[in-house]
*Asks:* 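Pasting in a structure now, in structure tokens, and then I'll have a few things to ask.
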Amino acid sequence: MNAPIINPLDKDIQDAFINARLLLGFDPGARDFIRAAALSEEPKAKSAPSEDLPPLEKIKAAVKNGEKEESAALIKTLLDNGISSETIIKEGLTAAMTEIGDGYGAGKVYLPQVMMAAEAMQAAFKELKRILPEMNSSAKGTLVIGTVKGDIHDLGKNIVAALMENSGYRVIDLGKDVDPEVFVQAVKDHHADLAGLCSLMTTTLPEMEHTVKALKEETPGVKILVGGAVVTQDYASRIGAPNYCRDGIAAVKIADRLTGKEE
């Protein structure tokens, strides 16, 4: 059968169609499937075709949909239309990730969507820096970031690093399982304004405390950001690092406040 007669408004038919597209490989990145799941309890708003959107809305849509190639390709179009790099970053890239972050916090957007959007934003930002090399020397500040010693998980750290870089920070990513001494030396070597510590496992929380202590003793001028699945505001305050970031969007906002770049 290739031409069934169906009621397209029937919920079971809609679900079957969405599931079939996913299973047959017609839904790249499972975007439609995830979106349908997130909106299953809400009335679906009709959206305008992407080609009918204004330039900034196009790149916002591309980032939110996780379309890396499209996001990067739109950068030149936006610049050719006289839109400044600052506007592209603030009203296009950052605005898109803010909406994704808000949706994630509300339970309407899932982690794969956040990751795909962050990758699309990073691709666009790299293209922007390629076209405008002078942007590389106009960072808001320098961030040293890594997962603390004993913790080999870096997914959340990678998302935070991408969002911080895309928001205008120079990011020095130390990777995972990083010794306190390595954090301290990197802050000194790069004259970092900020240090970001991540932890996913409860067993590595003591290492976060040791790293915070080392940074405060050896580099008292650096502002420390902490976060991760097992970190809470209470724990962060208890170890002397009150700048707790519950996600990447929060990290950018807190970093802007600490560096005086908040708008």
*Asks:* Decide whether Leu163 and Met115 are clustered together by the hydrophobic rule: side chain heavy atoms of Ile, Leu, Val, Met, Phe, Trp, Tyr closer than 4.5 Å, transitively.
*Replies:*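 Yes, it is one cluster - the side chains of Leu163 and Met115 are joined through contacts under 4.5 Å.
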
*Asks:* Is any side-chain heavy atom of Glu218 less than 4.5 Å from a side-chain heavy atom of Lys188?
*Replies:*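 In contact.
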
*Asks:* Could you tell me whether the side chains of Gln233 and Ser237 share a donor-acceptor contact shorter than 3.5 Å?
*Replies:*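 Distance-only check passes for Gln233 and Ser237.
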
*Asks:* So which heavy atom on Ala192 is nearest to which on Val144, and how close?
*Replies:*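 The pair with the smallest heavy-atom distance is CB-CG2, 3.7 Å.
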
*Asks:* Can you tell me if CZ on Arg246 sees more than 12 non-hydrogen neighbours from other groups inside 6.0 Å?
*Replies:*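 No, not enclosed.
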
*Asks:* After noting the C-alpha distance and the side-chain angles of Ile18 and Leu22, does the key distance pass the side chain to side chain contact (heavy atoms under 4.5 Å, CB included) rule?
*Replies:* CA-CA 6 Å; Ile18 291 169; Leu22 174 67; 5.9 Å; no

*Asks:* Roughly how far, to the nearest 0.5 Å, is CG of Leu93 from CD1 of Ile88?
*Replies:*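 With rounding to 0.5 Å, CD1 (Ile88) is 7.5 Å from CG (Leu93).
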
*Asks:* Can Leu205 and Val148 be said to form a side chain to side chain contact (heavy atoms under 4.5 Å, CB included), step by step?
*Replies:* CA-CA 8 Å; Leu205 286 177; Val148 298; over 6 Å; no

*Asks:* Consider only side-chain heavy atoms of I, L, V, M, F, W and Y, link residues closer than 4.5 Å, and tell whether Ile59 and Ile131 are in one cluster.
*Replies:*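 In one cluster with Ile59: Ile131, yes.
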
*Asks:* CG of Asp32 to CG of Asp27: how many Å apart, nearest 0.5 Å?
*Replies:*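 Separation between the atoms: 4.0 Å.
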
*Asks:* Could you tell me whether the side chain of Asn243 and the main chain of Ile224 form a donor-acceptor pair under 3.5 Å?
*Replies:*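 Confirmed, Asn243 side chain pairs with Ile224 backbone.
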
*Asks:* So, does Tyr169 use its side chain to make a donor-acceptor pair with the main chain of Asp256 at under 3.5 Å?
*Replies:*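 Yes: the side chain of Tyr169 pairs with the backbone of Asp256.
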
*Asks:* Which atom pair, heavy atoms only, marks the closest approach of Glu91 to Lys60?
*Replies:*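 Glu91 and Lys60 have their closest heavy atoms at O-CD, 3.4 Å.
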
*Asks:* Has Ser199 got a side-chain atom pairing as donor or acceptor with Gly228's backbone, closer than 3.5 angstrom?
*Replies:*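 Side chain of Ser199 to backbone of Gly228: no pair is present.
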
*Asks:* Taking the side chain as C-beta and beyond, is there a heavy-atom pair between Lys223 and Leu225 under 4.5 Å?
*Replies:*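 Lys223 vs Leu225: side chains apart.
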
*Asks:* Looking only at heavy atoms, what is the nearest atom pair of Cys245 and Ala251, with distance?
*Replies:*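 Looking at all heavy atoms of both residues, the shortest contact is SG-CA, 3.6 Å.
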
*Asks:* After noting the C-alpha distance and the side-chain angles of Val184 and Glu217, does the key distance pass the side chain to side chain contact (heavy atoms under 4.5 Å, CB included) rule?
*Replies:* CA-CA 9 Å; Val184 169; Glu217 289 177 353; over 6 Å; no

*Asks:* Output the distance between atom CE (Met164) and atom CD1 (Ile145), rounded to the nearest 0.5 Å.
*Replies:*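 Atom-to-atom, Met164:CE and Ile145:CD1 are 7.5 Å apart.
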
*Asks:* Between CE of Met208 and CE of Met201, what distance do you get to the nearest 0.5 Å?
*Replies:*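 One gets 11.5 Å once the value is rounded to the nearest 0.5 Å.
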
*Asks:* Find out whether Glu209 and Tyr235 are in side-chain contact, i.e. whether some heavy atom of one side chain is under 4.5 Å from a heavy atom of the other.
*Replies:*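 They are in contact (side-chain heavy atoms under 4.5 Å apart), so the answer is yes.
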
*Asks:* First locate atom CG of Leu78, then atom CG of Asp80, and finally report the distance between them rounded to the nearest 0.5 Å.
*Replies:*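 With rounding to 0.5 Å, CG (Leu78) is 9.0 Å from CG (Asp80).
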
*Asks:* Identify, with sequence neighbours excluded, every residue that meets salt bridge (charged side-chain N to carboxylate O under 4.0 Å, His left out) alongside Asp189.
*Replies:*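 Not a single residue meets the salt bridge (charged side-chain N to carboxylate O under 4.0 Å, His left out) criterion with Asp189.
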
*Asks:* List the atom of Val222, the atom of Ala195, and the distance in Å for their closest heavy-atom pair.
*Replies:*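 Heavy atoms of Val222 and Ala195 come nearest at CG2-N, 3.7 Å.
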
*Asks:* Please determine whether residues Ile89 and Leu143 belong to a single hydrophobic cluster, defined as Ile, Leu, Val, Met, Phe, Trp and Tyr linked transitively by side-chain heavy-atom distances below 4.5 Å.
*Replies:*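 As far as the 4.5 Å side-chain criterion goes, Leu143 and Ile89 are connected within one cluster.
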
*Asks:* What distance separates Gln122 CD from Met97 CE, expressed to the nearest 0.5 Å?
*Replies:*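 Result: 10.5 Å between the selected atoms.
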
*Asks:* Val187 vs Ile172, test: side chain to side chain contact (heavy atoms under 4.5 Å, CB included). Steps then yes/no.
*Replies:* CA-CA 9 Å; Val187 168; Ile172 310 300; over 6 Å; no

*Asks:* What I'd like to find out is whether the side chain of Asp234 reaches to under 4.5 Å of the side chain of Tyr244, using heavy atoms alone.
*Replies:*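 No, side chains not in contact.
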
*Asks:* Taking atom CD1 of Ile13 as the centre, does the number of heavy atoms from other residues, nucleotides or ligands within less than 6.0 Å exceed 12?
*Replies:*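 Check passes, neighbour count above 12.
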
*Asks:* In the single-linkage hydrophobic clustering (I, L, V, M, F, W, Y; side-chain heavy atoms under 4.5 Å), do Phe17 and Ile34 co-cluster?
*Replies:*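 Different hydrophobic clusters.
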
*Asks:* Would you find a donor on one side and an acceptor on the other, under 3.5 Å apart, between the side chain of Thr204 and the backbone of Glu207?
*Replies:*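 Between the backbone of Glu207 and the side chain of Thr204 there is no qualifying donor-acceptor contact (under 3.5 Å).
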
*Asks:* If every non-hydrogen atom of Ser85 is compared with every non-hydrogen atom of Leu79, which pair is closest and at what distance?
*Replies:*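 Nearest heavy atoms, Ser85 then Leu79: N-CD2, 4.4 Å.
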
*Asks:* Determine whether His191 and Thr142 make a side-chain contact, defined as any pair of heavy atoms from C-beta on separated by less than 4.5 Å.
*Replies:*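 No, their side chains stay 4.5 Å or more apart.
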
*Asks:* Transitively linked via ILVMFWY side-chain contacts under 4.5 Å: Val252 with Val231?
*Replies:*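 Unlinked, Val252 and Val231 end up in two clusters.
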
*Asks:* Is any side-chain heavy atom of Ile83 closer than 4.5 Å to one of Thr77?
*Replies:*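 Heavy-atom side-chain distance check fails, nothing below 4.5 Å.
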
*Asks:* What I want to find out is whether Asp193 reaches Lys140 closely enough, with some N-O distance under 4.0 Å, to be called a salt bridge.
*Replies:*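 A salt bridge is absent here (no side-chain N lies under 4.0 Å from a carboxylate O).
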
*Asks:* For residues His153 and Thr147, report the shortest heavy-atom separation together with the two atoms involved.
*Replies:*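 Residues His153 and Thr147, closest heavy atoms: O-OG1, 3.0 Å.
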
*Asks:* With respect to Phe183, which candidate in Val212, Thr219, Leu197 satisfies the side chain to side chain contact (heavy atoms under 4.5 Å, CB included) definition?
*Replies:*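 Testing Phe183 for a side chain to side chain contact (heavy atoms under 4.5 Å, CB included) against Val212, Thr219, Leu197 leaves exactly one candidate, Leu197.
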
*Asks:* Under a 3.5 Å distance rule, please check whether Asp177 uses its side chain to pair with a backbone N or O of Lys149 as donor and acceptor.
*Replies:*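 No.
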
